[in-house]
Amino acid sequence: MRVDIITLFPSMFQGPFDESIIKRAREKGILEINLHNLREFTHTKHRTVDDLPFGGGVGMVMKPEPLFEAVEKIKTQADFTSRVLLLSPQGIPFCQEKAKELAKEQALLLICGHYEGVDERVREYSVDEEISLGDYVLTGGELAAMVIIDVVARMLPGVLGCEQSAKEDSFYHGLLDYPQYTRPASFCAWKVPEVLLSGNHYKIKLWRRKKMLEATLRKRPDLLRKIKLSEADKKLLREVKERLADANKTAKS
Ligand code: 9D3
């Protein structure tokens with residue numbers, strides 16, 4: 001996959017894209033990341049990229065000309081049609097499903113907004129899709145772009161080991177993870193749950209599934225309502241709920 005990023009701060013991307021899984025994906029040639037400094041697409045003496053908002057108001061707005069020029073130039077460089085994404089608080093919230101969809105593209109072009117936003121004509125005529133990370137305010141689109149590329153990259157074939165990617169399959173889908181333990185089996189007298197040391201793989205599988213359902217019920221009940229549970233899951237969930245209800249009764253008496 002080819003990813004182009006238009007930003008005023010290309011050096012912000014150095015750390016995250018030069019380590020670990022993303023670094024390896026780039027070395028393997030699965031992922032190509034090209035950073036473009038928006039200022040290089042200006043032709044004025046002061047290389048201005050922003051200006052005052054028409055109609056008044058606080059802050060600055062990113063001018064349309066450099067952004068249009070950057071998008072057009074990059075599109076001619078790419079071998080495939082790039083899907084153009086604008087990162088902005090006005091976008092549709094990013095999620096795993098969206099990442100899955102983006103991972104199918106051959107080229108993405110991400111525009112990182114800054115200041116109060118970009119001229120509306122960029123959104124209208126250059127952008128295919130506007131994406132937000134969620135309902136909180138960032139200083140700019142750069143961190144959002146890094147998150148999106150990180151999520152999409154690990155879905156590309158060959159980026160993760162096959163045993164890790166298998167985990168993404170239906171069994172794990174839509175629930176929080178179960179608790180993980182490693183050696184030592186006893187640490188400061190805190191013990192690893194007995195079942196994990198038992199060697200009984202069927203029991204371990206059931207215990208883990210139950211813990212996933214329990215964590216999701218406690219912390220993200222909204223996720224439980226979204227997924228379709230099997231009969232076996234429903235039985236485990238009933239057991240979790242009964243245990244929680246019992247614990248409540250004990251606490252009250
Ligand atoms: C909603 C805040 N705006 C009020 C008028 C001003 C504003 C603040 C910060 C506009 C843009 C920004 C910079 N943020 C992003 O570029 C951004 C972002 C975000 O702030 N939250 C979640 N996702 C994203 S993606 C890009």
Side-chain angles (χ1 to χ4, degrees), residues 1-19 21-22 31 33-42 47-75 82-105 107-156 219-220 222-223 226:
M1 169 183 274
R2 173 179 168 136
V3 179
D4 291 278
I5 302 166
I6 301 171
T7 172
L8 284 168
F9 305 99
S11 61
M12 277 182 78
F13 292 83
Q14 244 67 73
F17 289 166
D18 293 314
E19 301 286 347
I21 293 170
I22 305 297
L31 180 66
I33 298 176
N34 305 298
L35 291 158
H36 308 271
N37 190 335
L38 183 62
R39 246 176 247 288
E40 320 248 299
F41 301 91
T42 58
R47 312 182 88 192
T48 314
V49 292
D50 60 338
D51 206 339
L52 296 164
F54 274 122
V58 293
M60 300 296 269
V61 176
M62 288 173 81
K63 290 167 66 61
E65 310 94 309
L67 283 166
F68 268 102
E69 188 178 317
V71 170
E72 289 316 307
K73 185 108 170 259
I74 292 161
K75 276 186 166 174
S82 303
R83 183 151 159 190
V84 181
L85 311 179
L86 173 67
L87 289 336
S88 106
Q90 279 74 247
I92 291 165
F94 186 60
C95 64
Q96 196 73 18
E97 270 307 301
K98 177 57 70 181
K100 217 174 181 177
E101 191 189 308
L102 297 178
K104 293 181 189 136
E105 299 286 339
L108 300 177
L109 202 178
L110 279 64
I111 303 174
C112 305
H114 234 93
Y115 314 119
E116 286 302 298
V118 306
D119 186 286
E120 187 66 18
R121 289 163 289 187
V122 174
R123 189 174 273 115
E124 264 184 285
Y125 302 111
S126 279
V127 169
D128 295 318
E129 195 165 2
E130 204 175 352
I131 298 181
S132 156
L133 267 205
D135 296 336
Y136 37 80
V137 184
L138 300 170
T139 58
E142 282 77 11
L143 283 165
M146 290 180 223
V147 170
I148 289 166
I149 292 162
D150 194 83
V151 179
V152 171
R154 66 190 290 292
M155 289 180 165
L156 301 176
K219 295 183 266 187
R220 294 293 306 277
D222 58 306
L223 293 181
K226 270 194 226 163

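Both ligands and their constituent atoms are indexed starting at 1 by order of listing.
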Open item on the list: Suppose we measure from atom 20 (O) of ligand 1 to each protein heavy atom; which comes out shortest, and what is that distance?
Closed with: Leu138 N, 2.7 Å
Open item on the list: Need the ligand 1 atom indices (1-based, order shown) with element for anything under 4.0 Å from a heavy-atom of Leu133.
Closed with: 22 (C), 23 (N), 24 (C)
Task: Geometric N/O contact Val137 with ligand 1, under 3.5 angstrom - done: no
Open item on the list: Pairs of nitrogen or oxygen atoms closer than 3.5 Å, one from Ile131 and one from ligand 1: do any exist?
Closed with: no
Open item on the list: Rounded to the nearest 0.5 Å, what separates atom CD1 in Ile148 from atom CG in Leu108?
Closed with: 9.5 Å
- [ ] From the options Gly117, Pro89, Gly59, select the one whose nearest heavy atom is closest to atom 1 (C) of ligand 1.
- [x] Pro89
TODO: Check ligand 1 against Gly141 and write out every atom of the ligand that is under 4.0 Å from a heavy-atom position of the residue.
DONE: 15 (C), 16 (O), 26 (C)
TODO: Starting from atom 25 (S) of ligand 1, locate the nearest protein heavy atom and write down its residue, its atom name and how far away it is, to 0.1 Å.
DONE: Ser88 N, 3.4 Å
- [ ] Using modelled atom types only, decide if a donor and an acceptor are shared between the side chain of Thr7 and the backbone of Phe9 within a distance under 3.5 Å.
- [x] yes
TODO: Spell out, as yes or no, whether a donor-acceptor pair under 3.5 Å connects the side chain of Ser132 to the backbone of Gly134.
DONE: yes
Open item on the list: Using 0.5 Å steps for rounding, measure from the CE atom of Met155 to the CG atom of Asp150.
Closed with: 11.0 Å
Task: Distance filter under 4.0 Å to Gly134 heavy atoms, resulting ligand 1 atoms - done: 21 (N), 22 (C)
- [ ] Please determine if Arg123 and Glu120 form a salt bridge, counting it only when a charged side-chain N lies under 4.0 Å from a carboxylate O.
- [x] yes
Open item on the list: Run the ring pair (Phe, Tyr, Trp, His ring centres under 6.0 Å) test against Phe17 and tell me which residues pass, sequence neighbours left out.
Closed with: Phe13
TODO: Step through the shown structure and confirm whether more than 12 heavy atoms of other residues, nucleotides or ligands are within 6.0 Å of CG on Asp222.
DONE: yes
- [ ] With heavy atoms only and a cut-off of under 4.0 Å, state how His114 meets ligand 1: side chain, backbone, both or neither.
- [x] neither
Open item on the list: Quick check on contacts: which atoms of ligand 1 are under 4.0 angstrom from a heavy atom of Tyr115?
Closed with: 10 (C), 11 (C), 12 (C)
TODO: Could you tell me if any non-hydrogen atom of Gly140 lies under 4.0 Å from any atom of ligand 1?
DONE: yes
- [ ] Supply the atom-to-atom distance Asp51 CG to Met62 CE, rounded to the nearest 0.5 angstrom.
- [x] 12.5 Å
- [ ] Pick one of side chain, backbone, both or neither for how Ala144 approaches ligand 1, counting any non-hydrogen atom pair under 4.0 Å.
- [x] side chain
TODO: Look at the side chain of Asp128 and the backbone N and O of Val84, then say whether any donor-acceptor pair between them is shorter than 3.5 Å.
DONE: yes
TODO: Measure the distance from atom 5 (C) of ligand 1 to every protein heavy atom, then report the residue, atom name and distance (to 0.1 Å) of the closest one.
DONE: Glu116 OE1, 3.4 Å
Open item on the list: Can you tell me if Phe94 contacts ligand 1 (heavy atom of the residue under 4.0 Å from the ligand)?
Closed with: no
Task: Pairwise salt bridge (charged side-chain N to carboxylate O under 4.0 Å, His left out) hits with a residue in residues 90-99, at least two apart - done: Glu97-Lys100, Lys98-Glu101, Lys98-Glu129
Task: For Tyr136, atoms of ligand 1 separated by under 4.0 Å from a heavy atom - done: 19 (C), 20 (O), 21 (N), 22 (C)
